[in-house]
Amino acid sequence: MKMNHSPASAALRPPHTFRTVFPVLALCWLAVFFDGMDVNIYGAVMPHMLDDPGLGLTPASAGTIGSWTTFGMLIGALTAGNLTDWLGRRLMLVASVTLFSVGSAICAVAGGVGLFGFGRFFSGLGLGGLMPLCLAMVMEFAPPRRAALTTGLLMTSYHFGGMAATGLGLTLTPAAGWRWVFWAGALPALIAVPLLLALLPESPGVLLARGERDRADAVADRYGLPRPTAVAAPAAGAKGRLAAVRALFRPESRWATPLLWLASFCGLLLVYGVSTWLPQMMRAEGYGLSSSVSFLMVINAGGIVGLLIAGRTADKFGAVRVSAIWFVLTAAGALLLKAQLPLGVTYAVVAVTGVWLFSAQVMVYAATNSVYRDSERAAGLGWVTGIGRTGAVVGPWLIGSLASNGNQSWGFTTFALAGLVGAVAIALVPLARRIGRSDTQAPAPVAATTGASTSGA
């Protein structure tokens, strides 16, 4: 029987608050928690893996494997959007969690660098698809005027996952070996997948794009969301995807789009370069093995604090402004880490750097809300994350190349430069939008035979 959602029944739906959409936000939070755990596992156990003669891992191959992971993430991020048209966001999230869980299990049984690298690439396919899907879900379900705060809350889960990975690296690896940490990375398939299948709703916008108006309205009414409209629904199919990409370069956003891509590139170079190499870089600076690994936990703890601060600050002052300032502070923190400081001071610098580093990138995502229209938001966010993944590929490889030549300390300079370039790129976005709007308001040329000119409105 066809469902009938009258205006009267829509009026009975709950208010659109954090409480009404909590189940969706909590499930996405759990999925990103496991994402953060999987991404950070490699950095947390890398020093132990380099000391394992049976595996044959070297600094150069370690950096290459880190790039294989993020290359898989690039493919996953760019592929997930097209598969979402067919499977929907809910099943794509389930597939993403399954992929990186299986990849972790492959790493756990790998007898050499080749199979281990394949396992990390396989994990990357799932990791790359998961983040943009969860971000799109929480932005769609977020309460009014709380997109930046909701995004920040979601991303705290990534850093809790990073802290969990570091805890496993510090406790499980010395007692049982690094392989058991990767076995722990296979647990999401047993924990998160059943919960996502049972409790996560489909996106109302995706349902509407697939022609399922009744289901879209039912989900919106259940969670207190405005019912989706045709302009807010993402276009389906290859033709719709191409049109969505072209829309990112309409006059109002054609200059802002490449700047967002550049800022995302720099941000993800920082995030994945640090997540992969910070323990080994600190170890090369003369810190002990346990201290070097624990720096990864400290910087993720700082990331949690930073996201809570950045989300509220961005809702008040704007995500663009906050991201630019945070990038500059990240650059300053990276340069301080290059100096030889007492251990306690180093911990403090690492923690404060974490406050700025991770939320600078997340606020780039939040800034897409002010650049793109509702119908462009999913495509805009997907391409900002997808193009940014090239930075995630470059970061681990570049630091690995420096490490193989004994120049780990240059990694901190690289991070500082990435922070400064990211700050400039995101800071120019408002100017780029103004230039785009002025282009659309430019006076239309008159016929040449009149010899006259007109003034713009």
Side-chain angles (χ1 to χ4, degrees), residues 40 43 46-47 59 63 66 159 162 166 262-288 291-307 309-310 313 320-364 388 391-392 394-428:
N40 285 273
M46 186 194 293
H159 301 291
T166 308
L262 178 58
S264 184
F265 173 91
C266 294
L268 287 175
L269 185 153
L270 284 163
V271 168
Y272 288 96
V274 168
S275 297
T276 302
W277 279 103
L278 181 63
Q280 187 60 25
M281 289 170 65
M282 300 305 286
R283 190 183 186 190
E285 291 295 313
Y287 296 96
S291 295
S292 297
V293 174
S294 64
F295 285 132
L296 193 60
M297 178 175 287
V298 171
I299 203 167
N300 276 292
I304 293 170
V305 176
L307 287 167
I309 295 172
T313 307
V320 167
R321 185 177 301 174
V322 170
S323 181
I325 295 171
W326 266 225
F327 268 124
V328 171
L329 293 172
T330 298
L335 291 177
L336 283 174
L337 289 177
K338 190 175 181 180
Q340 294 292 332
L341 301 171
L343 182 60
V345 176
T346 302
Y347 272 116
V349 172
V350 169
V352 172
T353 302
V355 170
W356 317 125
L357 188 156
F358 299 102
S359 50
Q361 169 64 21
V362 174
M363 290 304 106
V364 174
V394 170
W397 167 80
L398 180 58
I399 305 303
S401 297
L402 293 171
S404 66
N405 294 317
N407 295 317
Q408 289 97 331
S409 62
W410 280 96
F412 295 112
T413 304
T414 302
F415 293 152
L417 289 174
L420 292 175
V421 173
V424 172
I426 194 67
L428 289 175

ask   = Between Trp277 and Met46, does a side chain to side chain contact (heavy atoms under 4.5 Å, CB included) hold up when you go through it step by step?
value = CA-CA 8 Å; Trp277 279 103; Met46 186 194 293; 3.9 Å; yes
Side chain to side chain contact (heavy atoms under 4.5 Å, CB included) between Asn300 and Asn40: does it pass, once the steps are laid out? CA-CA 10 Å; Asn300 276 292; Asn40 285 273; 3.6 Å; yes
Steps toward side chain to side chain contact (heavy atoms under 4.5 Å, CB included) verdict (Tyr272, Val394)
CA-CA 9 Å; Tyr272 288 96; Val394 170; over 6 Å; no
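Contacts classified as ring-ring contact (aromatic ring centres under 6.0 Å, His included) and involving residues 402-421 (residues at least two apart or in different chains) are not found.
Cys266 approaches Gly422 most closely through the heavy-atom pair SG-N, 3.7 Å. Smallest separation of non-hydrogen atoms from Gln361 and Ala263: OE1-O, 3.8 Å.
Between Tyr347 and Phe295, the angle of the ring planes lies from 30° to 60°, which puts this pair in the tilted group.
For the pair Ile399/Thr276, no side-chain contact is recorded, criterion being any heavy-atom separation below 4.5 Å from C-beta on. Between Val364 and Phe327 the shortest side-chain heavy-atom distance falls below 4.5 Å. Between Trp326 and Met363 the shortest side-chain heavy-atom distance does not fall below 4.5 Å.
Here the straight-line distance linking atom CG of Leu337 with atom CE of Met281 works out to 8.0 Å at 0.5 Å rounding. Between Trp356 atom CH2 and Leu270 atom CG the span is 15.0 Å, to the nearest 0.5 Å. Annotation: the span from Met297 atom CE to Leu278 atom CG amounts to 13.0 Å, rounded to 0.5 Å. Between atom OG of residue Ser294 and atom CD1 of residue Ile299 there is a gap of 11.5 Å, rounded to the nearest 0.5 Å. Once rounded to the nearest 0.5 Å, the distance linking CD1 of Ile309 with CD1 of Ile304 reads 12.0 Å. Rounded to the nearest 0.5 angstrom, Ile426 CD1 and Ile325 CD1 are separated by 12.0 Å.
For the pair Thr353 (side chain) and Thr330 (backbone), a donor-acceptor distance under 3.5 Å is absent.
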